[in-house]
Amino acid sequence: MSAPEIPTREELVRRASDAADVLHEHAAWAEQNRRIHPDAIDALADAGVFRLRTPRRYGGYEADTATLVDVATELGRGDGAAAWTASVYWIPTWMTCLFPDEVQDEVFSTPDVRICGTLSPSAMAAPADGGVVVNGKWGFISGAHHSHWQEIIAILADGESEPYPIMALVPMSDLLVVDDWHTAGLRGTGSVSTVAKDLFIPAERVLPLPSVVQGQIASTINKNSAIYRAPLLPVASASSVGTVVGLGKAATDAFFKRLPNRKITYTGYESQREAPLTHLQVADAALKLDQAEFHAHRLTSLVDGKAEAGAEWKLEERARARADMGAVVRLTKEAVDIYNTASGGSSIYEDVPIQRINRDIQAVNLHALMHPNTNAELYGRVLCGLEPNTTYI
């Protein structure tokens, strides 16, 4: 496939903004049906969202993480669940680019290929002739219903050496999808569980996760591309925060749309925007979102800048990448909480977007990798001169 002309960041953001209108139109359907609407998937594909982290030789754009944040922000204004799913696809797509080039040839032979995945090693693998055999189950697999492949993590135990985690690529047709996604937030992501039973995976589609985390990749061609030189966890962090910023902007949009015609019941205020309390609330929320954007952009500047320069990562920088992600989540949740509290009793109806946005940001806040407390503790631990108590850094 010949390399296409690469759209500018501004063009990609414009396309994402257009797609966001479609996402918004189908957001209620997605929540009710617990998966992204097919028209929304088509809109994302038409906007080039699924090509952002694909190598140019397969028709991709090799976009930097700053572009990911700006695109996801626009998508998040339309529907947080759809934006989240797109963001999740970006991470396993990038991880696929670490595999041998012939494996990439197979995966990226599907136009606008969608790859879901996980970082949780909740399965076991055993050596087999020419590969491994995997048994296990993975939860929270966002976008599984619309995916072609899944990136999985399993613990390889050969009985001779210390067990260690492996990363592998599996066609979705080889997995059982368990429709168990009944949640209070991010319902539209369709983050179901998948199961492997005596699944053989050829050796070329298996990589040791510790090597991946340390930046050792099996692709010969992609070693020359800046975006594939960054470490996994900073990449995952930078890929995720745009959706969160978008949820904050969606809350802002939803609140101000209702503001002029909404009175404060049992008071003399015929319009909520006349109340000094409202002025304090919206100023506080706006400043928190400004801070969230600062941390999101500082994170992408770190990831993109070091990748472009091919510079080594310090431990403190790796920890700060996760801390920046946690700060985006915390500050945005605080801002959405303000807007939600200020939206009154009428906002609990399903056709008022703020209630869905509030539940979605709460779900993001609870995500194991994005949890503000976990990330802040890790950063503080490293700042205090201690070794990190996790390999996910």
Side-chain angles (χ1 to χ4, degrees), residues 13-14 16-32 37 40 69-84 184-188 241-297 327-366 372:
V13 171
R14 185 197 64 76
S17 181
D18 291 342
D21 292 336
V22 180
L23 307 189
H24 183 74
E25 178 183 350
H26 296 295
W29 184 97
E31 177 152 277
Q32 293 166 4
H37 193 282
V69 166
D70 290 349
V71 167
T73 296
E74 289 303 309
L75 298 177
R77 295 182 89 145
D79 177 28
W84 174 268
L186 290 177
R187 288 171 57 86
V241 291
T243 291
V244 182
V245 175
L247 280 167
K249 290 185 179 294
T252 305
D253 295 341
F255 180 81
F256 279 98
K257 182 177 181 179
R258 299 176 74 228
L259 179 62
N261 299 316
R262 183 179 177 272
K263 66 180 182 179
I264 302 180
T265 306
Y266 303 136
T267 75
Y269 292 112
E270 290 299 315
S271 173
Q272 184 181 10
R273 66 179 177 181
E274 298 173 356
L277 173 60
T278 303
H279 307 158
L280 293 170
Q281 288 171 322
V282 299
D284 194 13
L287 289 171
K288 287 180 182 296
L289 291 176
D290 286 345
Q291 294 175 62
E293 287 194 80
F294 161 78
H295 286 283
H297 293 139
V328 175
V329 175
R330 175 179 59 81
L331 290 160
T332 303
K333 180 180 179 296
E334 290 173 358
V336 173
D337 282 343
I338 293 170
Y339 285 130
N340 185 58
T341 299
S343 292
S346 60
S347 68
I348 67 173
Y349 284 94
E350 290 183 349
D351 62 346
V352 181
I354 191 68
Q355 51 79 30
R356 183 179 67 251
I357 297 166
N358 186 58
R359 288 184 286 107
D360 286 351
I361 194 64
Q362 173 67 13
V364 174
N365 189 82
L366 296 173

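Start at 1 with the first residue, then count along the sequence. Reckoned from all heavy atoms, side chains included, excluding hydrogens, waters and symmetry mates.
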Practice prompt. Give the intermediate values and the outcome of side-chain contact (heavy atoms from CB on, under 4.5 Å) for residues V364 and T332.
Written response: CA-CA 10 Å; V364 174; T332 303; over 6 Å; no
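- Scanning both residues, S343 and R258, for their nearest heavy atoms gives O-NH1, 3.2 Å.
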Item to complete: Any chance you could lay out the side-chain contact (heavy atoms from CB on, under 4.5 Å) test for V69 and V241, step after step, and finish with the verdict?
Response: CA-CA 6 Å; V69 166; V241 291; 3.7 Å; yes
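- Listed for the R77 side chain is no donor-acceptor partner under 3.5 Å among the backbone atoms of A20.
- The two residues V328 and H295 come nearest to each other via the heavy atoms CG2-CB, 3.7 Å.
- Rounding to the nearest 0.5 Å gives a distance of 14.0 Å between CZ of R262 and CZ of R273.
- Put simply, the residue from V244, N340, L366, T243 that forms a side-chain contact (heavy atoms from CB on, under 4.5 Å) with I361 is V244.
- What you find for L75 and A19 is that their closest heavy atoms are CD2-CB, 4.3 Å.
- With sequence neighbours excluded, the residues that form a side chain to side chain contact (heavy atoms under 4.5 Å, CB included) with T252 are F256, L289, Y339.
- When all heavy atoms are compared, the tightest approach of P260 to S271 is O-OG, 3.2 Å.
- Nearest heavy atom pair, residue S346 against residue V352, reads O-CG2, 3.6 Å.
- In this structure, CD in Q355 is found 9.0 Å from CD1 in I348, a value given to the nearest 0.5 Å.
- Checked against side chain to side chain contact (heavy atoms under 4.5 Å, CB included), H26 has the following partners two or more places apart in sequence or in another chain: V22, H37, D39.
- For residues 274-292, every residue pair satisfying the salt bridge (Lys or Arg N to Asp or Glu O under 4.0 Å) rule, not counting sequence neighbours, is listed here: K288-E334.
- Between the T73 side chain and the V245 main chain, no donor and acceptor come within less than 3.5 Å of each other.
- Between G248 and V336 the shortest heavy-atom distance is CA-CG2, 4.2 Å.
- Side-chain N or O atoms of Q272 include one that pairs as donor or acceptor with a backbone N or O of A342 at under 3.5 Å.
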Discussion item. Applying salt bridge (charged side-chain N to carboxylate O under 4.0 Å, His left out) to D337 and K333, what does each step give before you reach the verdict?
Written reply: CA-CA 6 Å; D337 282 343; K333 180 180 179 296; 3.0 Å; yes
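- With contacts defined as side-chain heavy-atom distances shorter than 4.5 Å, the pair R356/D79 qualifies.
- Proximity of D70 to H297: side-chain heavy atoms (C-beta onward) are separated by under 4.5 Å at one or more points.
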Worksheet entry | CA sep, side-chain torsions, deciding dist, call: R14, D18, salt bridge (charged side-chain N to carboxylate O under 4.0 Å, His left out) | CA-CA 6 Å; R14 185 197 64 76; D18 291 342; 2.8 Å; yes
